[in-house]
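Data block below; observations after.
The chains referred to below are lettered A, B, ... by the order of the sequence lines, with proteins before strands, and numbering in each begins at 1.
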Amino acid sequence: NAGVMQNPRHLVRRRGQEARLRCSPMKGHSHVYWYRQLPEEGLKFMVYLQKENIIDESGMPKERFSAEFPKEGPSILRIQQVVRGDSAAYFCASSPYHSGTEAFFGQGTRLTVV
Amino acid sequence: GESVGLHLPTLSVQEGDNSIINCAYSNSASDYFIWYKQESGKGPQFIIDIRSNMDKRQGQRVTVLLNKTVKHLSLQIAATQPGDSAVYFCAEKKNTGNQFYFGTGTSLTVIP
């Protein structure tokens with residue numbers, strides 16, 4: 001059973017470009033969480049999705065950031081018009097049910113904006 | 001707002017000694033706590049969890065203690081090994097809401 005898969009592992013974008021980060025949850029998991037981690041800091045919640053629904057996006061910046069989890073395919077975190085401050089590691093986690101226990105994390109995508 | 005913080009940002013221990021990593025939380029309504037381990041370049045990995053109706057839980061070489069009176073959580077690692085070197089995060093999940101709140105993390109270095 002493959003774990004949570006994120007791609008790409010590393011992504012370099014110039015300021016103003018778009019970044020698309022993908023997350024395939026573990027098999028059987030229908031709940032996906034996105035977190036951002038700045039250097040030397042903890043994980044900051046961004047958004048929680050179920051298939052085709054955004055459940056909680058209280059941690060998402062109001063502009064330029066969006067997320068989706070379609071019926072088929074991976075969850076996508078999209079950052080439009082990236083700025084240097086978007087440089088961070090973005091982690092995706094999945095769980096089989098919301099009110100349960102731990103979430104399983106992917107290896108993360110390290111975004112660098114130049 | 002709520003916060004989950006760690007007392008010490010770094011910790012160095014001799015191989016074979018026991019390690020204790022501490023965590024303070026501020027929301028007494030939290031009902032579930034997890035310790036994660038994050039190695040360099042990798043995603044967080046679950047270590048052990050504890051619910052608020054428990055004071056102690058043991059795993060393989062690890063023990064988590066929860067003191068609700070002072071809102072304190074600790075992770076004890078017995079006979080620390082070089083492979084235990086990593087950043088350790090505590091996280092809390094409230095009985096309402098959808099997300100885990102993570103602290104900054106403690107970097108554990110095991111000296112051979």
So if I take each residue of residues 37-44 of chain B and look for any heavy atom under 4.5 Å from a heavy atom in chain A, which residues do I end up with?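 Listed by number, the contacting residues are Q38(B), G41(B), K42(B), G43(B), P44(B).
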May I ask you to check whether over 12 heavy atoms, not counting those of K68(B), lie within 6.0 Å of atom NZ?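 Yes, the 6.0 Å shell around NZ holds more than 12 heavy atoms from other groups.
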So for atom CD, which belongs to E15(B), do other residues, nucleotides or ligands contribute more than 12 heavy atoms lying within a distance under 6.0 Å?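 Yes, CD of E15(B) has more than 12 neighbouring heavy atoms, counting only those of other groups under 6.0 Å.
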Part of Q37(A) lying under 4.5 Å from any heavy atom of chain B: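 Answer is side chain: those atoms of Q37(A) sit under 4.5 Å from chain B.
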Between [X] and [Y], is there a shared hydrophobic cluster once you connect ILVMFWY residues whose side-chain heavy atoms come closer than 4.5 Å?
{"X": "L21(A)", "Y": "F69(A)", "answer": "yes"}
{"X": "F91(A)", "Y": "Y36(B)", "answer": "yes"}
{"X": "V82(A)", "Y": "L11(A)", "answer": "yes"}

Output all residues satisfying side-chain contact (heavy atoms from CB on, under 4.5 Å) with Q60(B), sequence neighbours left out; order by chain, then residue number.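 Result, side-chain contact (heavy atoms from CB on, under 4.5 Å) vs Q60(B): none returned.
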